[in-house]
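Structure record follows, encoded as structure tokens.
Scope of the values below: all heavy atoms of this structure, side chains included, with no hydrogens, waters or symmetry mates.
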Number of protein chains: 2
Amino acid sequence: MKNDESLVKVRTKSVRKNQIRLSNERRILAAAVKIFAGFGYQGATTRKIAEEAGIPKANLHYYFQTKEQLYRRVLDGIFKDWLAAANTFDECVEPIEALRGYIETKMELSRKRPLESRIWAEEILRGAPLIQHELEVTLSAWLDTRVKRITDWINAGRIDALNPRILMFMIWAVTQHFADFESQIRALNQQQNLSDNQFKEAKQQVTRIILKGIGALD
Amino acid sequence: MKNDESLVKVRTKSVRKNQIRLSNERRILAAAVKIFAGFGYQGATTRKIAEEAGIPKANLHYYFQTKEQLYRRVLDGIFKDWLAAANTFDECVEPIEALRGYIETKMELSRKRPLESRIWAEEILRGAPLIQHELEVTLSAWLDTRVKRITDWINAGRIDALNPRILMFMIWAVTQHFADFESQIRALNQQQNLSDNQFKEAKQQVTRIILKGIGALD
DNA sequence: GTTAATCTTGACCAAACGGTCAAGATTATT
DNA sequence: AATAATCTTGACCGTTTGGTCAAGATTAAC
């Protein structure tokens with residue numbers, strides 16, 4: 001009883017307080033994504049992030065004690081999106097539909113959330129100092145599951161014999177390239193970002209070359 | 001006569017002096033590649049670079065006045081390798097041999113010079129602040145030339161109809177992925193870098209999927 | 001209206017940064 | 001041997017960094 005009462009009180013209080021807390025955390029995290037993506041972990045300063053969020057730096061440190069803690073929270077969010085992108089892959093039975101859907105989802109992620117892709121890329125570039133363990137455990141297990149499905153397709157003769165891991169690396173490389181190397185693509189496209197039509201064409205061509213390349217088409 | 005004499009003198013002096021200068025510049029540049037690749041432009045400090053080169057920081061600044069100047073020199077070297085990698089592409093007439101050779105060369109670059117690839121990738125990630133102009137002029141012209149050759153192959157029915165630029169982006173993405181995302185690949189490969197045999201397999205699979213995917217193989 | 005949390009903020013700090021400088025060591029020329 | 005050029009270096013400097021702190025503002029509960 002007593003415990004229940006105090007729990008209710010705590011919860012009531014938490015709901016309101018959490019509104020302020022959650023709202024501020026969201027603002028800070030959104031600002032952090034922008035600044036980390038634009039300047040890298042070292043180049044990003046807590047001053048810049050606080051300024052982007054429209055709050056004093058000391059207030060930022062009230063919600064996130066250290067820059068590294070804030071960065072970890074950003075990375076966690078990105079990692080979740082990364083894994084969730086495989087839903088289509090898992091739902092479809094046919095290799096063509098599963099891979100087409102996965103490539104499509106990853107391409108759309110690059111199109112709509114390029115900042116997150118760049119933060120991820122920079123973390124890996126630096127040797128994944130903060131997410132190495134997550135890669136070795138969670139992502140590794142995630143990959144194993146998908147490798148098994150691809151292996152089944154190979155054994156059923158639905159696609160060519162190949163190394164499933166390398167296929168996944170190729171898909172990651174190509175799809176994320178459109179986010180990570182956006183500035184290079186822009187410089188080679190008359191200083192214009194890819195238009196919606198150009199991006200659609202890229203998506204279709206990438207899908208077709210990979211699917212045809214692994215013997216899933218024709 | 002007088003001019004000739006003084007020229008000879010200048011040259012004689014320069015040869016010896018340049019030995020010291022060139023030798024030190026090389027040491028510093030080699031150290032800079034390591035540190036820039038490992039920590040990024042902002043994370044790299046002139047102290048770390050000087051320490052890696054085994055010289056006092058003040059001596060580094062004698063040869064390269066600013067960190068940015070040093071970084072530009074590193075980028076210039078990388079850019080030259082980037083462009084030179086297309087030699088095979090240009091020398092071969094057949095699409096299969098030209099593309100196979102280019103993919104092979106780019107894969108070997110990723111294998112043998114991953115640090116340079118990562119420095120390039122980080123510069124692009126940050127929006128190419130220092131090499132934007134080079135991308136828009138030199139790399140753009142470079143790409144145009146290769147696009148024309150690919151277009152000829154398409155018109156001759158040697159490969160499928162496709163957007164040549166997107167094909168080049170795919171090749172860059174996949175080949176450079178093996179250098180830029182090395183730490184991720186390692187984490188997904190029992191914490192081991194790809195062995196020579198694994199890398200050879202990757203090279204072959206990447207080549208086969210792309211060539212087959214564009215209709216160059218049957 | 002008092003109390004107790006939580007939130008906000010300007011001022012501040014030690015450490016590290018890129019870069020400078022003057023003085024000395026080396027090397028080549030006369 | 002003297003001179004001039006280049007190379008080397010420890011000490012130093014103004015600025016910026018991530019992070020702290022104490023004092024005040026706000027909010028919720030009794």
B:R21 vs D:dC7: side-chain N/O to OP1/OP2 distance below 4.0 Å: yes

Length of the line joining A:Y71:OH and D:dG18:C1', which is rounded to integer Å: 17 Å

Gap between atoms CD1 and P, on B:I20 and D:dC7 respectively (whole Å): 6 Å

D:dC7 OP1/OP2 closer than 4.0 Å to side-chain N/O of B:Y62: yes

Residues which pass side-chain contact (heavy atoms from CB on, under 4.5 Å) with B:K48, listed by chain and number, not counting sequence neighbours: B:I35, B:F39, B:T45

Partners meeting side chain to side chain donor-acceptor pair (under 3.5 Å) with A:E116 (sequence neighbours left out): A:R113

For atom CG of A:L22 and atom C1' of C:dT6, their distance in whole Å: 14 Å

Cation-pi geometry met for A:K106 and A:F178 (6.0 Å, 45°): no

For B:E51, all residues meeting salt bridge (Lys or Arg N to Asp or Glu O under 4.0 Å), sequence neighbours excluded: none

Residue met sooner reading DNA chain D from 5', once B:N24 and A:E68 are mapped to nucleotides: B:N24

Neighbours of DNA chain D within residues 31-61 of chain B, by heavy-atom distance under 4.0 Å: B:P56, B:A58, B:N59

With sequence neighbours excluded, residues passing side-chain contact (heavy atoms from CB on, under 4.5 Å) with A:K203: A:E104, A:M107, A:E108, A:F199

Pairs flagged by salt bridge (charged side-chain N to carboxylate O under 4.0 Å, His left out) wherever residues 180-189 of chain A is involved - sequence neighbours left out: A:R118-A:E182, A:E182-A:R186

A:Q65 CD to C:dT6 P, straight-line distance once rounded to whole Å: 14 Å

